[in-house]
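First listed ligand is number 1; within each ligand, the first listed atom is number 1.
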Amino acid sequence: MSVNMKDSLEKVDSEITGAIKNEHTRLNEGVELIPSENVVSKAVLQAMGSILTNKYSEGYPGKRYYGGNEFIDVVENLAIDRAKKLFGAEHVNVQPNSGSPANQAVFFALMNLGDTFMGFDLTAGGHLTHGSPVNFSGKQYNCVPYNVDKETELLDYDQIKKDALKAKPKMIISGLTAYPREIDFKAFQEVCDAVGAYHMADIAHIAGLCATNVHQNPVPVCDVVTTTTHKTLRGPRSGMIMCKTEDRFDKEGKRNLAQKIDFAVFPGLSGGPHEHTIAGKAVAFLEDLQPEYKTYCQQIVKNAKALADSLMDQGIELVTGGTDNHLMVAKLVNKGLTGKGKEVQNALDEAGITVNKNTIPYEPGSPFNPSGIRLGTPAVTSRGFKESEMKVIGESIAKVIDNLNDKTVIEGVKKDILELCKQYPLYDDFQILG
Ligand code: DSN
């Protein structure tokens with residue numbers, strides 16, 4: 001094969017083209033209910049697929065280690081300014097490549113190795129980077145986890161405060177990946193104030209809801225807030241850190257809080273930022289600043305409540321008995337499916353419904369064979385689904401769960417789902433860019 005730099009992807013690489021087209025068909029013909037996923041606009045895709053991928057720009061706008069960055073600075077400054085406006089943030093770093101590196105940078109900026117912090121237990125709704133023993137956060141730092149109340153499955157802020165007074169953490173992380181209720185960031189801040197800890201909120205899942213005040217916004221409250229940009233924010237797969245300028249525990253230090261965060265990202269952890277992705281973030285933030293985006297975020301929550309109601313009407317139990325945000329966790333124990341989250345995930349996949357197996361609080365199975373599935377509405381809401389479609393999807397999910405090994409039922413559900421999806425085509429003007 002001779003390489004011609006001007007040939008299209010379709011002409012150059014039929015294997016990658018085929019995989020992209022198949023993924024498009026999968027998305028178009030199925031219902032995407034993984035709560036951490038979404039579908040981006042064509043404008044975001046174009047920014048990410050642009051020539052900005054060519055450039056090295058180590059450093060920050062106006063202070064780069066390479067020449068030729070005048071237009072890259074325009075891109076990065078636009079992303080920063082739009083994010084500040086969206087969240088009311090004092091300082092923003094748009095360079096982390098995803099949520100985990102963003103969280104790692106905060107650990108690096110605010111703590112010394114071995115320091116104690118508190119994070120939400122992974123099986124009850126936290127994240128790997130909130131102190132899991134197999135992650136840098138649990139290996140290199142001393143994590144004292146907090147959990148939900150066994151009966152209510154809700155966060156118990158009085159208990160968290162008692163635990164914090166004992167543990168004396170340097171930092172407390174608030175945030176979620178599988179907790180279906182509103183997080184009270186002010187209550188977490190009170191705990192942090194009582195024990196003299198930094199407060200880091202990880203809003204990767206709920207960032208869009210926070211930016212539009214559909215959920216409490218932690219940015220005015222916390223020292224530092226991290227997020228991914230590809231979930232409810234509906235931007236490219238990436239991350240971001242927002243923080244106060246001043247470090248309230250180190251007012252005389254060599255660097256203020258904003259400078260500590262920036263220094264931890266670069267040169268602490270990363271080299272050249274991915275400016276094509278930063279351009280995608282800038283475009284997404286511009287979209288998120290429009291009034292329709294708030295309506296979208298409100299619809300995410302309405303759809304989640306409709307899906308939760310539909311599932312519960314079919315006898316499926318949910319963690320905490322419902323949802324306040326974009327996600328819910330279905331418990332399979334009362335269906336005789338303890339430890340069978342993976343089987344349910346696979347059966348739903350066959351029916352064209354994508355969810356992920358998930359642990360439930362005080363999991364009786366194991367992380368690899370958990371007793372729940374996690375579902376969420378950001379992607380289906382982007383597609384245009386409303387409450388009536390969520391009711392049908394809830395009924396379809398229940399049918400699969402109740403007939404896990406019945407291929408005829410699963411085939412029937414698949415047909416219904418395909419009919420539903422045909423009414424809401426996704427990327428119908430799809431073409432491979434380039
Ligand atoms: N992996 C993400 C999720 O699915 O919740 C969190 O980063």
Check whether NZ of the Lys or CZ of the Arg Lys357 lies under 6.0 Å from the centre of the six-membered ring of Phe368 and within 45 degrees of that ring's axis. yes
If you compare His127, Arg374, Glu37, His230 by their heavy atoms, the one closest to atom 6 (C) of ligand 1 turns out to be His127
Any protein heavy-atom neighbour for atom 1 (N) of ligand 1 (distance below 4.0 angstrom)? no
Taking atom types as modelled, is there a side-chain donor on Tyr198 or Asp247 under 3.5 Å from an acceptor on the other? yes
Need the ligand 1 atom indices (1-based, order shown) with element for anything under 4.0 Å from a heavy-atom of Ser36. 3 (C), 4 (O), 5 (O)
Are Phe188 and Phe120 an aromatic pair by the rule of ring centers under 6.0 Å? no
Suppose we measure from atom 5 (O) of ligand 1 to each protein heavy atom; which comes out shortest, and what is that distance? His205 NE2, 2.6 Å
What do the steps show when you test Tyr424 against Glu389 for side chain to side chain donor-acceptor pair (under 3.5 Å), and what is the final call? CA-CA 11 Å; Tyr424 298 90; Glu389 284 82 20; 2.5 Å; yes
